[in-house]
Every structure is written in C-alpha cells, then in structure tokens.
Amino acid sequence: MNFIKRALKSTKVKWGRSLLLFAVFTAILVFVLAGLTIRSAAEQAASEAQKEVGATVTLSANREASFQKPAETATSETDSDGTAQERIDPGSFSLTPVSLEDAQKIADLADVKSYSFESSASALASDGITAISSSDSTDSSAESTDANQPMGGGMPGGGQMTQADFQVTGVLASAQNSTFSSGTATITDGEGIDESDKDTNQVLIEQTLATANDLAVGDTFTITSSEDEETTYELTVKGIYESSASSNSMGMQFSMMNPSNTLYTSYTLANELNGTAEDNTIDSAVYTLADPENMDDFLAKAKKLIDTDTFSLQSNDAAYQSMLEPLNNVASFSKNVVLLVAVAGIIILTLIIMITIRERRHELGVLLSLGESRIKIILQLFTEVALCMILALGVAAVSGNVVANVVGQQLLEQQTSSDQNTQTNDAKSQRPDGENPGGRGGQMGAPGGSSNPFAVSDEVSELSINVTPTQIGFLALVALGISLLSVCLASIGILRLNPRKILLN
C-alpha cells in the first residue's frame, strides 16, 4: 500500500494523537509567527523613527581650548618639591563667538535636515512694559542699584552692574529652539519667530507678561540694552507663548531669571542688544541631521569647514537612541522567542513521535516483514506530522496577527515604561531648575527651563503589526524544518528495528 494512503488512514483512525500533534504545532507556529511579525514591526518602526527624529550636532566655542595656558598669560611657579609649573591668569578666560559664515557653510551640507542659530542677551524695560517680579526681586534690584556706587573691592575701573529685566533669546526660528520643540513652550496667539524676521524687531512674549502689561499681537513696547542704556529698541509683538517652565529661587531674586520674562527675537536683534551686531557672530548653531547613520560623515565634512582648535562640534543622538531603545529590546526579545519556541517545538514533537513509534512497534514490524523499506516508513511518519502541520499553519496564519498585536503592544509598553523611569531618574540627578550657564559675556541660559538644544522626542507608543505573505512563507519553512528534524531524530530507532524479533516478542 502507498505510504501516503497509510498516513492518511492512520491520521484519521488515530484522531486523538493527530489532535495532540495539531494542538502542539498550532501553539508552536502561533508564537513563532508572533515573534517574526513583532520583530519585523519593531525594525520597521526603528527605520521610520530614524528618518523622523534624526540626530543633532551643536557648533559652539571650544571651552576646553579656552582653559589652555597661553604663553602670554602664563606665569611660572615652583612648588614644594622644586618642580616648575605654569599657571594662567584667571582673568584670561574667553570664548570666541561662532562665525555666522562658518555656521552657514555647515548648514548648507546635504545631511542637514534643519538648523537653528542662537544668541543670547539681556535687556531693561522702558516704555509700555514692566517685567514680572516679586518683592524679593524688587529688593534685590534696589540692593544692586546701591551696589552700583564705586567702592573698594568693586569691579575694575569702578564698573557698575545693572540688573536686567529680561532674558533675550535670539533664534533663527523659534520652532527649532529646544523650549518649543520639546513642548515646554507653545504659541497660543500669533506666530513664532522665523527666518523672515531677520533684521527686524519682532518678538515673542510669554502669556503672563502679556496679560500683566495688557499687550496683544501687533502691540509695541520699548526696551533698552543692558550694555547701552542710552539706546532704545521698539519691539512689535508677533506672537504670545505659554510656558510650562516653573520658576525657582533665582527667578524670585532676579527678574530676568523668571521664565515669564524671556523674550524670543531674531538672533540679529539679540546681537544688537549684546553689542556684537558688527561682528556677524552667534553663540551657537544646532543642526538636525536627516539620518543619524550619517553622523560620522557629517562631522568629518563639518570639521573641515571650521577651526577645530577654536570651535567644537558636539554630536548627540540621545533622542534617536532613546526612541530606539524600547524597539531594540522588543526586537531582541521577539528573536529570542522564535529561537526558544522552535527549539522547544523540536524537542516536544520528537518526544511525541518517539512515544508514538514505541506504541506502533508491532505495526512497524509487520510493515518491515512485508518488505516495506525503512525510508518509506519514515516518510509515512513525516506525512502524518506534515498533515497536522499544514492545518496548524492555516490556524496560525489567521490568529497569529491577533496574538502578535497583543503581545507586541504589551512588550512595547513595558519597555517604554522602563525606559521612561530610567530617564526620570537620570533627570533627577541633573540640576532641578534645568538651567545651563553659558552664553556670551557670562549671560545665563534660558531661565526656568532647559536650554539644552537636544530635544528628546516622544517614545514610540505603538507598533504596526501585520502578517505578510513573506512571513507566512518563512513560517512554513520553519514548520517544515521542525517536522523534518523531529521525525529524523525520533526515527533513529527505526533504523535498528529487527522485524523478526519484533514479531516474536
């Protein structure tokens, strides 16, 4: 009799055994398919995130070079063991502003998706506006005014210090600034600063400041520079933004450190306020790359356009890596699931077939005594397993997508939650007010919020999991491989069977 017919009849008669094989195969193939689809979806999401998020590079003054010991400012000293050491003049530290021409050359490189130029300054209130302040900051202002009188131990040359009312952040486009791109600040009325506002006096003001001074979009007010109080600037309100940044003790003491007193203008106006308009320079430039994988090539090209001894390029793909971390974890886990389930499936099926062979020793002995070859007997066993495999493959193809979506989403949520907790703990270890000292002339960073130009994007919160024909084809190959290995391992004993001995027993 043909071994295929025998396999069909055996499958039908021994329906309990067939049902067991079908159930085991279905469970194996469903989880293998779920692992394959989850991994594929995670890789696809990672690829899309790579194009969406990009990575950032900041061009700024090289602070390390600023701390080096120039020959003209170094003095020789001898320590206790007689070793000569050089010591620089503490007042010789200075930062070289970034050339706008060099910054634009880098911005013109093909790998740049978007960029922003930033410059900082401070200003005093004049006509039509009053800074948001507290009694503490008012008292501090009075003390600062008294301190302006020449006195011993004061600033060289009897210099005076005037407390500024506003922190002015000059940008090329406010949408590219980290405060807005991270969602800390959102525009509630009017429009943001963009490239068309270059060389204009358009300004973005905070909602609390606008309400307190009864200002609306299109209104004007006057400020003066902290560097030159004789020159006034009439600013036009282009937009009003709302900030979720919280104030701190510095904001209570100094008006300019209050988040509500931050003005966003074009970087050209900020340069006028800090007295460097003629220098054609900026504090820093931030570039967002279209593809993080091109980071090394971009840095190599950009370094050829600047003096690396004076300026530095700092790369940061934290947003990209932060978004990819849960995806990579999910992809790795799903890969391990496929391997573990496949190995476990081979072991379980091998044991089931071995038990079946033990129960069918008399049947196999009769077939061998009738002249049936051992190869055909093994093929009969494989056919019986393959029939159950085909039915299980159909069930897995239908239900695998549902299982993959449920399991994949739960895995992603767990990984994302774990990653967010890690970021929260890391953030707590940073300065609570998020301030970043720096800027030109010792100006403070964006008050009450983060002046970090690297805005961390939202985590990927959903996977698009769909079963494709390619995955079904690969699953069929995996199922076929599991069947072959299981039958071959279990059939080793058949090769040693002696039909005469089996029948005598």
Side-chain angles (χ1 to χ4, degrees), residues 118-142 144 162-171 174-175 177-193 197 201-226 233-266 269-270 273-274 431-439 443-452 455:
E118 298 190 0
S119 187
S120 60
S122 58
L124 301 171
S126 183
D127 296 332
I129 191 169
T130 302
I132 301 296
S133 62
S134 65
S135 58
D136 292 338
S137 61
T138 303
D139 295 340
S140 297
S141 177
S144 297
T162 302
Q163 179 183 323
D165 294 317
F166 302 108
Q167 170 77 16
V168 180
T169 301
V171 296
S174 57
N177 182 269
S178 63
T179 305
F180 288 90
S181 61
S182 65
T184 303
T186 55
I187 296 178
T188 58
D189 191 14
E191 300 176 348
I193 300 297
D197 296 313
N201 289 358
Q202 301 281 0
V203 64
L204 272 176
I205 64 174
E206 208 274 330
Q207 187 172 12
T208 304
L209 181 64
T211 302
N213 290 274
D214 196 22
L215 292 172
V217 174
D219 291 346
T220 61
F221 60 88
T222 304
I223 62 173
T224 62
S225 170
S226 300
Y233 300 87
E234 185 179 58
L235 307 186
T236 301
V237 179
K238 184 180 183 181
I240 298 174
Y241 71 92
E242 181 179 9
S243 175
S244 60
S246 58
S247 185
N248 49 47
S249 58
M250 293 292 288
M252 297 293 290
Q253 295 291 334
F254 303 97
S255 296
M256 68 173 290
M257 300 306 298
N258 190 316
S260 298
N261 291 329
T262 301
L263 308 179
Y264 289 91
T265 68
S266 172
L269 178 58
L273 290 169
N274 61 36
R431 297 179 61 181
D433 54 6
E435 293 169 5
N436 183 21
Q443 299 286 355
M444 299 297 291
S450 174
S451 60
N452 181 5

Point to revise | Partner residues of Phe180 under the ring pair (Phe, Tyr, Trp, His ring centres under 6.0 Å) criterion, sequence neighbours left out | key: Tyr241, Tyr264
Point to revise | Asp127: partners by side chain to side chain contact (heavy atoms under 4.5 Å, CB included), with sequence neighbours left out | key: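 Listed in chain order: Thr222.
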Check your understanding: Would Ser243 and Thr184 count as a side chain to side chain contact (heavy atoms under 4.5 Å, CB included) if you check the C-alpha gap in whole Å, the side-chain angles of each, and the deciding distance to 0.1 Å?
Key -> CA-CA 6 Å; Ser243 175; Thr184 303; 4.3 Å; yes
**Study point:** Audit row: Leu269, Val203, side chain to side chain contact (heavy atoms under 4.5 Å, CB included) steps and yes/no
**Key:** CA-CA 10 Å; Leu269 178 58; Val203 64; 5.9 Å; no
From [X] atom [atom1] to [Y] atom [atom2], the distance as rounded to the nearest 0.5 Å:
X      : Y      : atom1 : atom2 : value
Leu235 : Ile223 : CG    : CD1   : 4.0 Å
Leu273 : Ser122 : CG    : OG    : 8.0 Å
Leu215 : Leu209 : CG    : CG    : 7.0 Å
Leu204 : Thr169 : CG    : OG1   : 10.5 Å
Asn261 : Thr130 : CG    : OG1   : 10.0 Å

Kindly give the heavy-atom pair with the smallest separation between [X] and [Y], and that separation in Å.
X      : Y      : value
Ser226 : Ala123 : OG-N, 3.6 Å
Val217 : Lys238 : CG1-O, 3.6 Å
Ser126 : Thr224 : CB-CG2, 4.2 Å

**Study point:** Derivation and outcome, side chain to side chain contact (heavy atoms under 4.5 Å, CB included), residues Ile205 and Ile240
**Key:** CA-CA 5 Å; Ile205 64 174; Ile240 298 174; 4.2 Å; yes
Point to revise | Pairs where residues 201-220 contributes a residue and the test side-chain hydrogen bond (donor to acceptor under 3.5 Å, both in side chains) is met, not counting sequence neighbours | key: Glu206-Thr208, Glu206-Ser260
Point to revise | By side chain to side chain donor-acceptor pair (under 3.5 Å) - contacts of Asp165 (at least two apart) | key: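 Partners of Asp165 under the side chain to side chain donor-acceptor pair (under 3.5 Å) test: none.
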Check your understanding: Can you name the side chain to side chain donor-acceptor pair (under 3.5 Å) partners of Ser266, sequence neighbours left out?
Key ->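 Counting only residues at least two positions away or on another chain, Ser266 forms a side chain to side chain donor-acceptor pair (under 3.5 Å) with Thr268.
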